[in-house]
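Each remark here refers to the structure printed beneath this line.
Throughout, a chain's letter reflects where its sequence line sits, starting with A, and its residues are numbered from 1. All of these numbers come straight from a predicted model, not from anything done at the bench.
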Protein chains: 2
Amino acid sequence: MATIKDVARAAGVAPSTVSYVLSGSRKISADTRTAVQAAVEELGYHPNAGARSLRSTRTDVLALALPLSGHGYLPVGGRFMYGLSEAAGRHGYLVLLVTPPGEDDRGAGLERAARGRFADAAVLMGVEMEDPRVAAMRSLDFPVALMGHPDDESAAPWCDLDWEESVVSSVRALREAGHRRMLYLATVEEDVGSGRTYSVRGIRGAERAAAESGVAVDVCHSSDDPVELYRRLDARFDSDAPPTALAVQHPPAIPGILRHLAARGIEVPRDVSLVAIGNFPEDLGGLDVTRIELPVEQMSAAATRLAVEAIARVGDPGPFDDGDGGRAPHTLIPPRLIRGATVAPAP
Amino acid sequence: MATIKDVARAAGVAPSTVSYVLSGSRKISADTRTAVQAAVEELGYHPNAGARSLRSTRTDVLALALPLSGHGYLPVGGRFMYGLSEAAGRHGYLVLLVTPPGEDDRGAGLERAARGRFADAAVLMGVEMEDPRVAAMRSLDFPVALMGHPDDESAAPWCDLDWEESVVSSVRALREAGHRRMLYLATVEEDVGSGRTYSVRGIRGAERAAAESGVAVDVCHSSDDPVELYRRLDARFDSDAPPTALAVQHPPAIPGILRHLAARGIEVPRDVSLVAIGNFPEDLGGLDVTRIELPVEQMSAAATRLAVEAIARVGDPGPFDDGDGGRAPHTLIPPRLIRGATVAPAP
DNA sequence: AGCGGTTGTCGAATCGATTCGACGATGCAG
DNA sequence: CTGCATCGTCGAATCGATTCGACAACCGCT
């Protein structure tokens, strides 16, 4: 593999000159520049990542810390991984996946990545309200960006869809259609239990929506186990006052829910209205679901930007220099309700 | 951040001794070993990745090259990324995502990763029959493992689900149920056009199945555009001799297809039987689909193993030393047909 | 002609770990 | 008591790039 010396020899200059041409950090004459560029091209030279990072302490790599648990998050996760990899690429970064190695050592892989300087910053997925990874990275002075919105807004730069507002506006839409008894199907219990911020905020949204609109919003947790999920749904629909509308924050369950309800003779939107919260633009056989889509690209781009900016800030006085009342830089994405065909007037 | 010198000082030994303790490559007395380990623990020492890789030419990183194109592959891709990250972790490797930067420079990111020694090997996803990345990596003598099964079995180590046999056994199952006119819904045109091995092999399977069983297997490509997809389906179901069975190798489309057919009054399995090829264990409202599942974990584990073995082989005489007629090491996973409730006897 | 100021390039130190050869200490045999 | 392994540790070279200070060459000005 060609080294900078090989390039220097081929171009008839010193290695340092090659470096300056490549980094552009010193003025170089047009002649030598073209000579060096030709040699680089000719030899297919790419700087050795290890050597470069050893000397410059920059790796051009972002660590992407996968959620601490919850395989239910998996189909979503893939989109974010892809989106982040693309966004990072646009900033000149590669993405290193860091899987939590086991339940017992939460964040150890991440710590290795940070302490071992595998990356310049970390993007944390599936952030929890009291996320141990945030504290760990802070104590290492390692730049992070969170995908998720913890209560402590000074903890670290973060970005998120406004889940609370998502649920509120979903409930509002259903209320405007005349619905007075609705079921909010929250994320799976595992996510709620571990304090995933999207779960917690979704539930808060349901509570706020109920309070402010005066309608009954029954909060029920979803489940990755379909049998259990349908049992819970059946319990509601078998009751004396069954819901006339459904707000679902667990998108992968929607096709199954639709089929299950249909098997009971319940048609959407004829018998029950539906809003899907945080799903993907996926087709359901021509059924145009009223929904709030998860802005994966936007969030990936935002997280990447926050991470890159945090890298530029290392060594700065703490915690954040802006005058935003101690809040960290952030991007809160307002929900956009897309009116489809699954909300009908209440009977 | 603590360096090996800090550890050495804290333990009262030379840096080289620390290195030997950590690598275990020389005999060290029990006393010094414990002293060093204590110092490592105390300081939270992790070796600097750059320095280590510069000296040892090992990065402990696998590059995961994402498919060259095709966002339809995305939901699948997420599982593989996750699976690979876990499998790699078990071998002590981290995973670096390499997104193809643009349509025009196919594989450039990968080349940077390889030439720049960002990784020790690459796992290629969404392999195509004539995949430019394979040749590129071979010319660099860079170890690879393919997820996909190209015709040239000597090209590189590979692993794959046996897609051809998957389609054959699906057709066989439908034939045994008495079906004589079936529709094979292949992968999306984009995948077929670019020569994704799973697409090509699926179609070959359909052709072979037709020939060997004597039934008519109508091959139709799926589409990521639902309108177009339903147009194609409708054309078949509106014909004089509509299919009585469906074999679908495009899993994300299945919920939509089921709803679309239902809207036309076609029920599964009452009016048409269905086999899903290469899907995930996902719930469809209690509908137990007859299917061949995509063994993501198995494939991820296999690809990782092949990559790790290929790393150990660098510098060996070429191409492969085994006596397997020039075939590269590989793992071909036989399909397992899971009999669900969507195949009924033909009318 | 001499001087100060640019401009462009070079040499050398440096980052932190690995690894080889060397070397002192200890044990055992003659 | 000497000679020779054996064992455990150390020192120094090395990997490939970055970056700072130095400096030669050339400019224009007095």
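Checked by distance alone, B:Tyr20 brings a side-chain donor or acceptor within 3.5 Å of a matching partner on the base of C:dC20.
Checked against D:dA17, D:dC15, D:dT9, the side chain of B:Ile28 finds its nearest nucleotide in D:dT9. Nearest nucleotide to the side chain of A:Ala51, out of D:dG16, D:dT9, C:dG11: D:dG16.
Between B:Trp158 and B:Leu332, some side-chain heavy-atom pair lies under the 4.5 Å cut-off. A:Arg115 has its side chain out of reach of A:Phe142: every pair of non-hydrogen atoms, C-beta onward, lies at least 4.5 Å apart. For the pair A:Leu64 and A:Val98, the minimum side-chain heavy-atom distance is 4.5 Å or more.
Rounded to a whole Å, the NZ atom of A:Lys5 is 12 Å from the P atom of C:dA12. One can place CZ of A:Arg117 at 10 Å from P of C:dG16, the figure rounded to the nearest angstrom. Computed from coordinates, the B:Arg26 CZ to C:dG21 P distance equals 9 Å when rounded to whole Å. Atom-to-atom, CZ of B:Arg58 to C1' of D:dT14 comes out at 19 Å; the value is rounded to the nearest Å. Note: CG (B:Asp60) to P (C:dT18) measures 10 Å, nearest angstrom. For the pair A:Asn48 CG and D:dG16 P, the computed distance is 7 Å after rounding to whole Å. Computed from coordinates, the A:Asp31 CG to C:dT9 P distance equals 8 Å when rounded to whole Å. Atom-to-atom, NZ of A:Lys27 to C1' of C:dC10 comes out at 18 Å; the value is rounded to the nearest Å.
At the phosphate of C:dT9, OP1 or OP2 sits under 4.0 Å from a side-chain N or O atom of A:Ser29. When the side-chain nitrogen and oxygen atoms of A:Ser16 are compared with OP1 and OP2 of D:dT18, none of them lie within a distance under 4.0 Å. Note on A:Ser25: every side-chain N or O is 4.0 Å or more away from OP1 and OP2 of D:dT18. Close to C:dT19, at under 4.0 Å from its OP1 or OP2, lies no side-chain N or O of B:Arg55. Within the 4.0 Å cut-off from OP1 or OP2 of D:dG16, not a single side-chain nitrogen or oxygen of A:Tyr45 is found.
A salt bridge between B:Arg33 and B:Asp31 is absent, with no side-chain N of the basic residue lying under 4.0 Å from a carboxylate O of the acidic one.
Ranked by how close their nearest DNA chain D nucleotide is to the 5' end, B:Gly12 and B:Leu54 are led by B:Gly12. Mapping A:Met1 and A:Ser23 onto DNA chain D by nearest heavy atom places A:Met1 closer to the 5' end of the strand.
B:Thr3 comes within contact range of the sugar-phosphate backbone alone, with a heavy-atom separation under 4.0 Å but no base atom that close. Looking at heavy-atom distances under 4.0 Å, B:Val18 makes no contact with the nucleic acid at all. Residue B:Thr32 is classed as a sugar-phosphate contact, given heavy-atom separations below 4.0 Å to backbone atoms only.
A pairwise comparison of heavy atoms in A:Leu62 and A:Thr304 identifies CD1-CG2, 4.1 Å as the closest pair.
When the shell of 6.0 Å around CD of B:Glu42 is examined, it contains 12 or fewer heavy atoms from other residues, nucleotides or ligands.
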